[in-house]
Every structure is written in C-alpha cells, then in structure tokens.
Amino acid sequence: MTYQHIIVSKETERKFAVAQLNRPQALNALNFELMTELVSAFRDFAKDPVVNAVVLAGNEKAFAAGADIKEMATATSVEMLTKGYLEMWDELHAFKKPIVVAVSGYCLGGGLELAMIGDIIIASETAKFGQPEINIGVIPGAGGTQRLARLAGKMKAMELILTGRQFGAEEALQMGLANKIFPVDSYLDEAKKLAAEIASKPPMAVRLAKEAVLRAASTNLQNDVEFERRLFALLFATEDMREGMQAFIEKRKPVWKGR
Ligand code: CAA
C-alpha cells in the first residue's frame, strides 16, 4: 500500500518495520489523513510475521509538532467526540509488538502523546518535547495528561501541562521519558539497532513482556484517557479555544477572555 503522509519500509533480515511521519511542510502535524495512514500501517505490521518490532520516527527537524491546529480550529465539541480522530491513538496503544520511537526536533502536543504510546524513546540531542496545548486554549487530548503524569509524576506533569514549556532531551532523560540520547546523525540508526536487537528475541515472550510491563502503568488508564478526551472536546465550546487556535494560524498573541 502506498501512503501520502508517511513512509513505510521493512528490514526483513533484521525483522523490523519503520514508519516515518512525512509532512515536513507542517512539521509533521498529525492531521486526520496522516493518523489514518499510520493506523493502517500498524494494522499491516500487526499481521506481518516478518515484523517483530517497529521504529516510529519523524525527521531531524520534527518528530511531530502536535495535532493539526489548522484542521481543528473550526471543529465543534460534537465533532471532536464523534469523528474518531483521538481514538486513533487508542488503536496504536493496542498494538502488541514493541515500538521504538526515534525523536529529533519538535515532539509536541499530540506528537508527544504519540511518542508516549511507544515503548522506548531514543532522542536526538536536538529533541524538544512539550505539551503546549494550554497556549492555544485547550489541554492534551490524546492521553497526555494521563501518560505524562504516570511517567513523570504529578508535580512535573502539572508544571509542564500548565505552562506548556518545551524541554530538551536531557530533561526528558532525567524524568524517565527518554531512554537514551544520541547525536542527530546517529539517533535513527541507534533506534533501528535497538529494534533489531528486540526483534531477534523470541516474539511471543517479547509480546507478553510488553503486555505485562504496560500493566504496571495502566490502572484505569483507558477510563482516564476517555475522561481527558471529554474535557478536551468540551473546550471546543469555548471562545478561548477559537481565539487560541486562530491566533496560532494568524501568527499573533492570543487574547484570553476566560469563557
Ligand atoms: N498544526 C498545524 N500546523 C502546524 C503545526 C500544528 N500543530 N505546527 C506547525 N505547523 C505549521 C505552521 O503553521 C507553519 O506553516 P506555514 O509555513 O504554512 O505558516 C509550519 O508548520 C512551520 O511552523 P512554524 O513557522 O510555526 O515554525 P517555527 O520554527 O517558527 O515554530 C513550533 C515551531 C514552535 C513547533 C510552532 O510551529 C508551534 O508552536 N507549533 C504548534 C505546537 C502546538 O501547539 N502543538 C499542539 C497542538 S494541539 C494538540 O496536539 C492536541 C492534542 O493533544 C491531540
């Protein structure tokens, strides 16, 4: 199958696949079509006996700068609840084989939420993480409040989500978000090496190990992600959300009204 917004390849010898987000003109913003393609690629990986692990990457400048704000700016609460857009992150969460995420440059908003669905994060020295949704009048809506709080603890998640501050690879490493940091010219190869190593292990044991480790952080996760999704959709009924997203598109500072 050919895709428009992602590039998929398979290393049959080393038994892993690579899915690369490819909308460089929008810093890999995750529009509906890109996410649909990504889910379709993962459905194929799930069935393919040659694929024992997956590397999920962007490009050097951006893993992904979040959900596509231009696509969301005019959406209503009802559309956000019914379109099935955010549910696509759930489908990737249900993927049973290990996902090594290779992050360079921007990894923001929905991009960080996608990276946190992965199982291991290899960062380049230039990686810039963050949940900046607050700056456009919303909150993380694809599991970020839940996954970041479970990964980094309540205080850290609260600070990062309430300020929208970007943070680098070193801070991500300290908080247990990134596993390893490499220079930009080698981070992707290192992610592939790790995927190949994992792919060489017994596939059923790897699969059940992933399932077991995920249990440690998953108490009520799905319910809590759905709760967050409803709050996210609710914000699409506010004037501040319209203003925040419009201001981003018009490249100006938003003016908040508190309603
Ligand atoms: N959605 C749509 N377009 C985006 C985008 C996004 N999330 N991020 C960047 N782009 C586009 C820009 O509009 C710009 O397009 P034009 O050339 O047509 O103007 C292009 O990508 C390059 O971006 P910038 O000119 O802004 O590049 P920069 O280097 O000056 O800034 C940046 C980079 C700091 C990442 C900035 O682009 C930015 O702040 N992006 C938005 C980040 C964000 O708020 N993400 C969260 C989105 S909401 C979300 O993800 C909800 C959820 O939880 C599911």
Side-chain angles (χ1 to χ4, degrees), residues 5 21-36 38-39 58-77 79-93 101 103-118 124 126-149 151 157 160-169 221 224-238 240-254 256:
H5 301 303
L21 311 176
N22 189 37
R23 282 188 82 207
Q25 72 285 5
L27 302 178
N28 289 336
L30 305 165
N31 65 4
F32 195 90
E33 279 181 24
L34 184 153
M35 286 303 295
T36 305
L38 197 60
V39 165
N59 56 47
E60 281 180 17
K61 194 164 175 211
F63 172 72
D68 191 314
I69 300 170
K70 291 167 188 167
E71 195 174 71
M72 283 188 309
T74 55
T76 63
S77 295
E79 281 163 356
M80 290 318 288
L81 277 176
T82 56
K83 240 173 70 175
Y85 174 64
L86 296 165
E87 284 76 2
M88 290 197 268
W89 275 256
D90 294 346
E91 181 150 354
L92 297 174
H93 173 72
V101 186
V103 173
S104 184
Y106 295 112
C107 180
L108 303 174
L112 178 51
E113 292 169 302
L114 181 60
M116 287 191 288
I117 280 173
S124 89
T126 65
K128 290 184 203 75
F129 299 89
Q131 294 287 172
E133 288 88 344
I134 203 82
N135 297 324
I136 53 168
V138 289
I139 61 173
T145 60
Q146 301 310 305
R147 289 200 173 84
L148 194 59
L151 261 169
L160 292 171
I161 288 167
L162 297 186
T163 64
R165 174 171 74 79
Q166 285 183 24
F167 55 97
L221 179 65
D224 296 344
V225 166
E226 278 164 25
F227 174 73
E228 175 205 81
R229 193 177 297 151
R230 284 188 213 114
L231 300 185
F232 179 74
L234 181 63
L235 284 163
F236 281 66
T238 65
D240 281 349
M241 168 269 158
R242 294 278 163 237
E243 167 65 6
M245 295 201 182
Q246 202 51 42
F248 172 78
I249 292 167
E250 291 167 12
K251 300 185 190 289
R252 61 171 173 82
K253 251 181 103 86
W256 306 125

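Residues: numbered from 1 along the sequence shown. Both counts, for ligands and for their atoms, begin at 1 and track the order of listing.
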Chemist: Any idea which protein heavy atom is nearest atom 8 (N) of ligand 1, and the distance to it?
Modeler: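 Among all protein heavy atoms, the one nearest atom 8 (N) of ligand 1 is Ala65 CB, 3.5 Å.
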Chemist: Working to the nearest 0.5 Å, report the span between CD of Gln131 and CE of Met116.
Modeler: 4.5 Å
Chemist: Nearest protein heavy atom to atom 54 (C) of ligand 1, by residue and atom, and its distance?
Modeler: Glu113 OE1, 3.6 Å
Chemist: Could you say whether the N/O atoms of Leu86 and ligand 1 ever approach to under 3.5 Å?
Modeler: no
Chemist: Evaluate Leu221 against His93 for side chain to side chain contact (heavy atoms under 4.5 Å, CB included), listing each step before the verdict.
Modeler: CA-CA 11 Å; Leu221 179 65; His93 173 72; 4.0 Å; yes
Chemist: Regarding ligand 1, does Pro132 bring an N or O atom to under 3.5 Å of one of the ligand's N or O atoms?
Modeler: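 Looking only at distances, the answer is no, because the N/O contact criterion of under 3.5 Å is not met.
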Chemist: Enter the distance from Leu30:CG to Thr36:OG1 here, rounded to the nearest 0.5 Å.
Modeler: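 These two atoms lie 11.0 Å from each other.
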Chemist: Report the part of Asn135 in contact with ligand 1, treating N, CA, C, O as backbone and CB onward as side chain, heavy atoms under 4.0 Å; options are side chain, backbone, both, neither.
Modeler: neither
Chemist: Restricting to non-hydrogen atoms, name the atom on Glu60 and the atom on Thr126 that form the minimum distance, rounded to 0.1 Å.
Modeler: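 That closest heavy-atom pairing would be O-OG1, 4.1 Å.
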Chemist: Which ligand 1 atoms are under 4.0 Å away from a heavy-atom of Gly66?
Modeler: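 By the 4.0 Å cutoff, the relevant atoms are 50 (O).
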Chemist: Side chain, backbone, both or neither: which applies to Ala29 and ligand 1 if a contact is any heavy-atom pair less than 4.0 Å apart?
Modeler: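 Answer for Ala29: side chain.
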Chemist: To check your reading of the model: name the closest protein heavy atom to atom 15 (O) of ligand 1, its residue, and the distance in Å.
Modeler: Lys70 NZ, 3.2 Å
Chemist: Roughly how far, to the nearest 0.5 Å, is CG of Leu86 from CZ of Arg229?
Modeler: 6.0 Å
Chemist: For atom 29 (O) of ligand 1, find the nearest protein heavy atom and state the residue, atom name and distance (0.1 Å precision).
Modeler: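 The closest one turns out to be Tyr106 OH, 3.8 Å.
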Chemist: Please give me the minimum heavy-atom distance between Asp240 and Trp256, naming the atom from each residue.
Modeler: O-CZ3, 3.2 Å
Chemist: Tell me the nearest of Ala26, Gly109, Ala142, Ala67 to atom 7 (N) of ligand 1, using heavy-atom distances.
Modeler: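 Of the listed residues, Ala67 has the closest heavy atom.
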Chemist: Give, for atom CD1 of Ile117 and atom CG of Asp90, the distance between the pair rounded to the nearest 0.5 Å.
Modeler: 7.0 Å
Chemist: Is Phe248 in contact with ligand 1, taking contact as a heavy-atom separation below 4.0 Å?
Modeler: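 Per 4.0 Å heavy-atom rule, Phe248 contacts ligand 1.
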Chemist: Could you identify the single nearest non-hydrogen protein atom to atom 27 (O) of ligand 1 and state the distance to 0.1 Å?
Modeler: Leu27 CD1, 4.0 Å
Chemist: Are Lys251 and ligand 1 in contact, using a heavy-atom cut-off of under 4.0 Å?
Modeler: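 Yes; Lys251 lies near enough to ligand 1 that a heavy-atom distance drops under 4.0 Å.
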Chemist: Give the residue, atom name and distance (to 0.1 Å) of the protein heavy atom nearest atom 20 (C) of ligand 1.
Modeler: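 Minimum-distance protein heavy atom for atom 20 (C) of ligand 1 reads Gln25 O, 3.5 Å.
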Chemist: So for ligand 1, is Glu133 a polar contact partner (N or O within less than 3.5 Å, distance only)?
Modeler: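 Yes; at least one N/O pair falls below 3.5 Å.
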Chemist: If you measure every N/O of Tyr85 against every N/O of ligand 1, is any gap under 3.5 Å?
Modeler: no
Chemist: Would a 4.0 Å cut-off, counted as strictly less than, catch a protein heavy atom around atom 40 (N) of ligand 1?
Modeler: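 Looking at atom 40 (N) of ligand 1, one finds that a protein heavy atom does lie closer than 4.0 Å.
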Chemist: Checking contacts now, so for atom 45 (N) of ligand 1, which I'm interested in, is there any protein heavy atom under 4.0 Å?
Modeler: yes
Chemist: Tell me whether ligand 1 is touched by Gly144 - counting only heavy atoms on the residue side and a distance under 4.0 Å.
Modeler: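 No.
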Chemist: Do other residues, nucleotides or ligands put more than 12 heavy atoms under 6.0 Å from the NZ atom of Lys61?
Modeler: no
Chemist: Are the side chain of Arg242 and the backbone N or O of Phe236 linked by a donor-acceptor pair below 3.5 Å?
Modeler: yes
Chemist: Roughly how far, to the nearest 0.5 Å, is the CD atom of Glu133 from the CD1 atom of Ile69?
Modeler: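 Between atom CD1 of Ile69 and atom CD of Glu133 there are 8.5 Å.
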Chemist: I need the atoms of ligand 1 closer than 4.0 Å to a non-hydrogen atom of Pro140, numbered in the order shown.
Modeler: 53 (O)
Chemist: Quick one: does atom 23 (O) of ligand 1 have a protein heavy atom under 4.0 Å from it?
Modeler: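 When distances to the protein are checked, atom 23 (O) of ligand 1 has a heavy atom within 4.0 Å.
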Chemist: Could you find the nearest protein heavy atom to atom 35 (C) of ligand 1 and give me its residue, atom name and distance?
Modeler: Leu108 CD1, 3.6 Å
Chemist: Quick check: does Trp89 get an N/O under 3.5 Å from an N/O on ligand 1?
Modeler: no
Chemist: What closest approach, in Å, do Pro140 and Phe232 show between heavy atoms, and which atom pair accounts for it?
Modeler: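 Distance-wise, the nearest heavy atoms are C-CD1, 4.1 Å.
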Chemist: List the steps, then state whether side chain to side chain contact (heavy atoms under 4.5 Å, CB included) holds for Leu108 with Gln166.
Modeler: CA-CA 8 Å; Leu108 303 174; Gln166 285 183 24; 3.9 Å; yes
Chemist: How close do Lys253 and Glu243 get, counting heavy atoms only, and between which atoms?
Modeler: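 That would be O-OE2, 4.3 Å.
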Chemist: Taking all atoms of both residues into account, what is the closest heavy-atom pair of Gly141 and Glu113, and its distance?
Modeler: N-OE2, 3.2 Å
Chemist: Give the atoms of ligand 1, by number and element, whose distance to some non-hydrogen atom of Met72 is under 4.0 Å.
Modeler: 48 (S)
Chemist: I want to know if ligand 1 touches Ile69 in the polar sense, i.e. an N/O pair below 3.5 angstrom.
Modeler: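 Right, the criterion is met.
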Chemist: Which value, rounded to the nearest 0.5 Å, describes the distance between Gln246 atom CD and Met241 atom CE?
Modeler: 9.5 Å
Chemist: Taking all atoms of both residues into account, what is the closest heavy-atom pair of Ala29 and Ala67, and its distance?
Modeler: CB-O, 4.4 Å
Chemist: Below 4.0 angstrom from a heavy atom of Gly141, which ligand 1 atoms are there? Numbered from 1 as shown, please.
Modeler: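 Selected atoms, number and element: 52 (C), 53 (O).
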Chemist: Could you tell me which atoms of ligand 1, counted from 1 in the order shown, lie closer than 4.0 angstrom to a heavy atom of Ile136?
Modeler: 48 (S)
